[in-house]
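These notes are about the structure you will find just below.
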Amino acid sequence: MVAFFQLSHAQNKKPKIVLVLSGGGAKGIAHIPTLQILDSLGIVPDLIIGTSMGAIVGGFYSMGYSGDSIAHITKNANWEELLGGKVSLTDVSVEEKNEFGRYMVDFDWVKGKPKVNSALLSDQNLREFLSTYAAPVYRINDFNKLPIPYRAMTTDIVNGEEYLFDKGSITMAMRASMSIPTIFKPIEHHNTLLVDGGILNNFPTDIAKKMGADIIIGSDVGGGLEPKEKLDKITSILFQTSMLTSLIKNPGNRELCDILIDHTPNLTYSTGDFTSSNEIYEEGKIAAYQNMNAFVTLANKIKKFKQRAHELPQTPKKFTINDFIYKNISKPNIDLVKSRANLIPNKEYTIDEIKNGIDRAVGTQLFSQITFSATFKDDQIKFEIEGHEKAKHQIKGSLHYDTQRGVGLIVNYTGRNIIGEASRFLVTLDIAQQPGFRIHYQNNFGHRKEWWWSSEVLGQLLTQEFYYEGVKAEDLDNDFFQFDNEFNKNINSLKSFYGLGLNFEGTSFKPANKSEINDNVFGLENYNFKNIEVNLHFNHNTLDRLFFPTKGRFLYAEISRSLYHHVKYNFSDPSTPNINGKTNGFSKLNLTFEQRLPLHHKITGIIDASVGFSFIDKLQGGEHSFLEYGTGEAYFLGGYIHRPRKNTYLFKGLNDSELLASQFMMLNLGLQTHLTNSLLLTPHFNIASVSNTDFGDYIKEAFSPSGDWQDMDEASLLLSGGITASYDSFLGPVNFDVSYVNRINKVRIFFGIGIPLNRSN
């Protein structure tokens with residue numbers, strides 16, 4: 001190496017220095033200290049060739065980002081969001097949030113057959129991340145014209161050969177180079193499919209030599225073939241098999257390096273450990289600094305030559321986009337997509353504004369992904385948006401189990417645009433010990449598709465446990481049926497809407513065991529309550545996840561008036577007169593508020609408050625008392641998992657719907673702590689003021705409750721505290737809770753896994 005440097009120094013022509021960065025997933029972050037050393041010594045490569053993560057790091061460097069800038073970008077990137085394949089709940093349209101992320105299995109149904117996705121993860125977030133940082137070079141299509149010329153190594157799986165990107169979209173080149181087979185979708189390019197370059201050439205120093213490199217600086221995080229003793233897992237065997245061609249040529253490619261930064265002895269993390277990016281970066285310093293003398297020698301030998309200017313091109317903060325072109329988006333969907341994107345030609349946009357427009361289009365949940373690129377001709381900028389639509393018919397499914405409702409299988413059919421344009425129709429069955437169903441239809445309409453109609457039929461056949469002084473007193477079969485209709489208008493398509501509702505609900509109770517077999521404590525043969533109401537409602541949701549959110553806010557407010565309220569109560573004792581008629585009228589006010597406060601990158605504060613008030617008309621002649629017989633329209637408090645019936649509110653420590661009240665105010669506080677990315681501990685404290693009186697009597701005592709909440713004749717204080725251990729699994733959330741509730745003097749234990757049947761709001 002020294003002799004070569006001396007030879008180069010004797011020449012008057014600057015030697016061509018090529019930087020080669022290998023693939024290696026998260027381990028590629030170890031390349032960054034090498035870039036920082038080059039910056040500190042004033043060594044600017046004449047060409048960068050990268051594979052997979054090396055193509056990402058090298059691509060950023062070629063655009064003009066410094067090593068320090070790239071270190072900052074990787075340190076602050078949300079790798080779980082970028083590579084996790086999940087769209088944030090904040091980017092989902094308000095009318096789609098209720099179905100988002102609720103199923104374990106999700107596949108298209110095409111021509112009578114299931115079509116399984118060719119990739120495990122969506123790359124939407126990754127594409128947008130790369131496009132945002134590639135904005136400074138948005139006009140450059142020839143990679144030789146970048147601040148540092150650049151090449152990205154990919155694999156053409158159609159023709160079985162290497163494909164080296166040297167022009168076009170640098171975002172596409174970087175993304176194609178890391179298209180790990182079966183993990184990310186292959187990139188379609190010129191009638192072929194491109195996947196991860198590491199399949200055939202993970203450390204392409206041979207390409208550098210063919211392109212006239214005089215000095216090759218190679219940073220390798222991949223290494224060669226693993227020895228027999230390390231091939232003891234199916235994952236390691238599959239990896240070595242898939243990379244066999246590349247791994248075999250790795251030793252020869254290493255020998256071509258004039259400066260070889262071999263990271264493999266120092267790296268203790270795997271290709272998927274992106275959450276340990278800071279640690280990988282620190283380990284990358286070791287091999288880089290071990291080669292410091294070679295870097296200093298090279299810097300001294302080339303300092304007499306003029307170096308390339310390595311800095312980001314100057315770009316305007318806003319761009320005038322002359323036209324937006326939509327491709328591969330069907331006629332029934334195009335108006336909705338355009339209205340949600342709200343990108344207007346011949347208007348100035350920042351990169352973030354364009355990204356937000358794309359996110360709003362993705363939030364319709366009509367697409368597996370949306371790709372985009374800019375083209376330039378005669379100083380005109382055209383932005384091309386291409387949709388990859390999901391099938392018209394989709395089948396989804398999930399499992400669920402909990403200690404209070406048993407086991408169940410959710411099967412869902414979702415049809416798009418089968419009953420009108422911009423519509424969604426779904427049928428969901430809960431095949432369970434306590435079965436249920438949901439049929440839902442919604443349709444967006446209006447010029448901007450900001451109005452939408454929603455109709456839903458939902459029912460469940462439950463076995464409801466009723467408690468007295470903390471002990472189960474009776475099992476009642478509890479069947480309920482809801483028919484809800486809403487006319488809504490979006491305030492913000494991703495955050496909030498308000499609307500008018502007209503709803504019917506029927507609730508019935510009867511003893512699980514016939515009275516002639518076992519007398520029940522309620523003296524009940526059967527109970528039925530029917531209610532028709534009109535309501536005004538408001539919904540605001542900025543939570544970032546469906547389960548275990550770490551930031552954001554949820555607010556739901558509803559005021560309703562009952563138009564029809566009829567009770568039928570048959571007693572098991574023939575001598576007791578049955579009840580059959582209307583109750584006194586009532587109105588309701590319901591508020592639910594949830595705030596997630598990120599206190600630390602692993603700790604989230606939870607503030608959850610709810611109120612439910614019933615405003616009951618004076619009892620008129622011929623009416624039956626709502627307070628005495630309006631059980632079907634009471635507020636059901638208790639449990640650990642959100643249930644589909646309306647008027648149910650969680651209160652840990654109580655069993656599911658254990659407490660019925662006409663009035664309540666409740667506050668739940670928690671501290672959600674991530675022990676790992678998927679394992680959480682959440683200590684919680686819950687307090688409520690409850691009563692089964694009218695609002696006037698309740699509010700006088702609501703803030704100084706003294707009653708026994710198991711009696712409910714006056715305002716009572718309800719308290720509980722405990723801790724929940726949770727795991728975010730592929731089956732859905734797994735929760736194990738231990739809680740204590742006042743006046744019962746016992747600890748309650750709950751276990752649940754998966755996602756139960758849901759409702760529209």
Side-chain angles (χ1 to χ4, degrees), residues 98-99 102-103 396-413 426-441 455-467 472-484 503-518 520-522 524-532 566-570 572 629-650 654-660 732 750-761:
N98 59 79
E99 283 291 290
R102 301 197 67 90
Y103 301 99
K396 307 175 185 181
S398 60
L399 298 168
H400 66 90
Y401 167 81
D402 67 75
T403 50
Q404 295 181 12
R405 294 297 190 200
V407 66
L409 168 66
I410 303 286
V411 179
N412 169 269
Y413 162 77
L426 61 86
V427 178
T428 306
L429 300 178
D430 188 4
I431 305 167
Q433 291 175 266
Q434 301 187 46
F437 72 94
R438 177 182 175 225
I439 301 172
H440 184 87
Y441 173 78
S455 289
E456 177 174 272
V457 177
L458 184 143
Q460 272 193 308
L461 306 178
L462 304 177
T463 299
Q464 180 66 50
E465 297 177 339
F466 280 81
Y467 289 80
K472 188 173 76 170
E474 190 70 54
D475 280 341
L476 298 182
D477 289 337
N478 175 203
D479 304 341
F480 76 90
F481 175 86
Q482 294 175 189
F483 180 34
D484 296 343
N503 306 324
F504 167 83
E505 180 171 276
T507 302
S508 68
F509 293 99
K510 63 180 180 179
N513 298 310
K514 293 184 178 180
S515 57
E516 57 265 27
I517 298 175
N518 181 29
N520 63 85
V521 297
F522 302 103
L524 172 68
E525 184 68 27
N526 61 68
Y527 167 91
N528 184 276
F529 192 91
K530 296 176 181 178
N531 179 52
I532 298 175
H566 186 277
V567 62
K568 184 177 181 181
Y569 197 130
N570 292 335
S572 57
Y629 297 110
T631 305
E633 280 300 310
Y635 295 110
F636 291 70
L637 275 61
Y640 304 79
I641 297 176
H642 287 285
R643 303 298 183 184
R645 73 170 294 153
K646 300 178 86 171
N647 297 328
T648 58
Y649 295 85
L650 303 186
L654 292 182
N655 289 305
D656 190 29
S657 301
E658 177 174 347
L659 177 62
L660 278 65
F750 171 84
F751 175 76
I753 181 170
I755 310 163
L757 188 69
N758 70 309
R759 66 174 185 262
S760 58
N761 289 321

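This one's a predicted model, so the numbers in the text were calculated from it and none came from an experiment.
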**Message:** Testing Phe504, Phe483, Tyr441 one by one against Val457 for a side chain to side chain contact (heavy atoms under 4.5 Å, CB included), which residue passes?
**Reply:** Phe483
**Prompt:** Residues in salt bridge (Lys or Arg N to Asp or Glu O under 4.0 Å) with Arg102, at least two apart?
**Reply:** none
**Request:** List in chain and number order the residues that pass salt bridge (Lys or Arg N to Asp or Glu O under 4.0 Å) with Asp656, two or more places apart in sequence or in another chain; answer none if no residue qualifies.
**Result:**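 If we apply the salt bridge (Lys or Arg N to Asp or Glu O under 4.0 Å) test to Asp656, skipping adjacent residues, the hits are Arg405, Arg643.
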Can you name the closest pair of heavy atoms from [X] and [Y] and give their distance?
X      : Y      : result
Gln404 : Leu654 : NE2-O, 4.5 Å
Ile755 : Ser398 : O-OG, 4.0 Å
Phe437 : Leu757 : N-CD2, 3.9 Å
Pro756 : Ile641 : CG-CG2, 3.3 Å

Output all residues satisfying ring-ring contact (aromatic ring centres under 6.0 Å, His included) with [X], sequence neighbours left out; order by chain, then residue number.
X      : value
Phe480 : none
Phe481 : none
Phe636 : none

Value rounded to 0.5 Å, distance of [atom1] in [X] from [atom2] in [Y]:
X      : Y      : atom1 : atom2 : result
Ser657 : Asn478 : OG    : CG    : 8.0 Å
Asn655 : Leu637 : CG    : CG    : 13.0 Å
Thr403 : Phe751 : OG1   : CZ    : 8.5 Å

Under 3.5 Å, is there a donor-acceptor pair between the side chain of [X] and the main chain of [Y]?
X      : Y      : result
Asp430 : Gly408 : no
Asp475 : Pro511 : no
Gln434 : Thr463 : yes

Among residues at least two apart in sequence or on other chains, which ones pass side-chain contact (heavy atoms from CB on, under 4.5 Å) with [X]?
X      : value
Thr631 : Phe509, Tyr527, Leu660
Asn412 : Glu99, Tyr103, Lys396, Thr414, Leu426, Thr428
Lys646 : Gln482, Asp484, Asn503, Glu505, Glu533, Asn535, Glu558, Arg759
Asn570 : Glu525, Asn526, Lys568, Asn578

**side-chain contact (heavy atoms from CB on, under 4.5 Å) between Leu458 and Arg438, worked out** = CA-CA 4 Å; Leu458 184 143; Arg438 177 182 175 225; 4.1 Å; yes
**Asked** Does any pair with a residue in residues 630-640 pass salt bridge (Lys or Arg N to Asp or Glu O under 4.0 Å), and if so which ones, sequence neighbours excluded?
**Response**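 Sorted result for residues 630-640: Lys588-Glu633.
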**Request:** Could you list the residues that satisfy side-chain hydrogen bond (donor to acceptor under 3.5 Å, both in side chains) with Tyr635, not counting sequence neighbours?
**Result:**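 Per chain and number, Tyr635 pairs via side-chain hydrogen bond (donor to acceptor under 3.5 Å, both in side chains) with Asn590.
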**Request:** Identify, with sequence neighbours excluded, every residue that meets side-chain hydrogen bond (donor to acceptor under 3.5 Å, both in side chains) alongside His642.
**Result:** none
**Request:** For residues Lys510 and Leu524, determine if any side-chain heavy atom of one lies less than 4.5 Å from a side-chain heavy atom of the other.
**Result:** no
